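Before anything else, here's the structure in question.
Not measured: the values here are computed from a predicted model. For ligands, and for the atoms within them, numbers begin at 1 and follow the listed sequence. Below, each value reflects all heavy atoms present in this structure, side chains not excepted, and no hydrogens, waters or symmetry copies.
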Amino acid sequence: MASGSGSNFEALVGACRNGPLAATVCQLVVNNPGCGAAQRAERLGVPCTIHDHRLFNSREALDQALIASFQAANVDLVVMAGWMRIVTQALIDAYPQRLVNIHPSLLPSFRGARAIEQALAAGVQLSGCTAHLVSLEVDTGPILVQAAVPVLASDTADSLAARIHAQEHRILPLAVQLAAERLELLYG
Ligand code: GAR
């Protein structure tokens, strides 16, 4: 699931194709037609489905459409790789223990939108990123992997975002691996 540039989506595809992750990214869903993630999917040959949130009456209706897509593609695990919509219990219940989010802060600090700007405004000297299982409250849920990055006095939102992104690309495949191992432990 992606809304923006899709660099985390591409990192996951790379980890599956060239790296250590024994998985396949079988489908991308985007809510913004023409977004960078959709363009990357085309280049990478990953099927991409558009569910434009503007065409749905409710968050629940959007999530039901997502669930239908995932079920049609027979997916085992779902990753919110820069998904900028609030998800509902319907999606969480459809993929219990199988819905992973990546967020650009050291949760529980700086939840919600513009986490990088929030960190800069707070003047923290350390920020980072968190991959976690999704609970209903935004940017909460059991933490799978975190990475810390220093915040430099000279940082702008862009420079800090670049440093955080590099770590996101590293930890998101690790988080998927951990989530899969956790499922194995829970359900065999
Ligand atoms: C990532 O930094 C991700 O952590 C963030 O959106 C960016 C997407 O980048 N997600 C959130 O803020 C969710 N609360 P990408 O499109 O290049 O992968």
Exercise. Could you tell me which atoms of ligand 1, counted from 1 in the order shown, lie closer than 4.0 angstrom to a heavy atom of Gly4?
Key: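 Counting from 1, the qualifying ligand atoms are 16 (O).
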Quiz item: Within a reach of under 6.0 Å around CD of Glu181, are more than 12 heavy atoms found that belong to other residues, nucleotides or ligands?
Solution: yes
Practice problem: Just jot down the ligand 1 atoms closer than 4.0 angstrom to any heavy atom of Gly82, in number order. | Solution: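 By the 4.0 Å cutoff, the relevant atoms are 6 (O), 8 (C), 10 (N).
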Exercise. Write out the residue and atom name of the closest protein heavy atom to atom 10 (N) of ligand 1, then the distance separating them to 0.1 Å.
Key: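 So the nearest neighbour among protein heavy atoms is Ile102 O, 3.5 Å.
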Quiz item: How close does the nearest protein non-hydrogen atom get to atom 3 (C) of ligand 1, and which residue and atom is it?
Solution: Glu168 OE2, 3.5 Å
Exercise. For Ser5, take its heavy atoms, then give the atoms of ligand 1 lying under 4.0 Å from any of them.
Key: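 So the answer, numbered in order with elements, is 15 (P), 16 (O), 17 (O).
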Quiz item: Can you tell me the protein heavy atom closest to atom 12 (O) of ligand 1 and the distance?
Solution: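 Closest protein heavy atom to atom 12 (O) of ligand 1: Pro104 CD, 3.3 Å.
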Exercise. Report the part of Val138 in contact with ligand 1, treating N, CA, C, O as backbone and CB onward as side chain, heavy atoms under 4.0 Å; options are side chain, backbone, both, neither.
Key: neither
Quiz item: Arg54 and Asn32: side-chain donor and acceptor closer than 3.5 Å?
Solution: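 Their side chains do contain a donor-acceptor pair, which is all the 3.5 Å distance test asks for.
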Quiz prompt | Residue Asp139 vicinity, atoms of ligand 1 by number, heavy atom under 4.0 Å | solution = 14 (N)
Quiz item: Is it the side chain (CB and beyond), the backbone, both or neither of Met84 that lies under 4.0 Å from ligand 1, heavy atoms counted?
Solution: side chain
Practice problem: If you have a sec, work out which protein heavy atom is nearest atom 16 (O) of ligand 1 and how many Å separate them, to one decimal? | Solution: Gly6 N, 2.7 Å
Exercise. Taking atom types as modelled, find out whether Gln118 and Ser105 have a side-chain donor-acceptor pair closer than 3.5 angstrom.
Key: no
Quiz prompt | Any side-chain heavy-atom pair of Thr140 and His132 under 4.5 Å | solution =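 SC-SC contact between Thr140 and His132 ruled out.
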Exercise. Give the residue and atom name of whichever protein heavy atom lies nearest to atom 9 (O) of ligand 1, and the separation in Å to one decimal.
Key: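 Heavy-atom neighbour on the protein nearest atom 9 (O) of ligand 1: His165 NE2, 3.2 Å.
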Quiz item: Using a distance-only test with no angle check, is there a side-chain donor-acceptor pair under 3.5 angstrom linking Asn31 and His51?
Solution: no
Quiz item: Which protein non-hydrogen atom lies closest to atom 14 (N) of ligand 1, naming both residue and atom, and how far is it?
Solution: His103 ND1, 3.0 Å
Practice problem: State the CD-CG distance between Gln89 and Leu91, to the nearest 0.5 angstrom. | Solution: 9.5 Å
Quiz prompt | salt bridge (charged side-chain N to carboxylate O under 4.0 Å, His left out) involving Glu117 - partner list, sequence neighbours excluded | solution =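 With sequence neighbours excluded, Glu117 shows a salt bridge (charged side-chain N to carboxylate O under 4.0 Å, His left out) to Arg114, given in chain and number order.
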Identify each donor-acceptor pair in which a side-chain atom of residues 70-84 lies under 3.5 Å from a protein atom, sequence neighbours left out, and give them as a table.
none

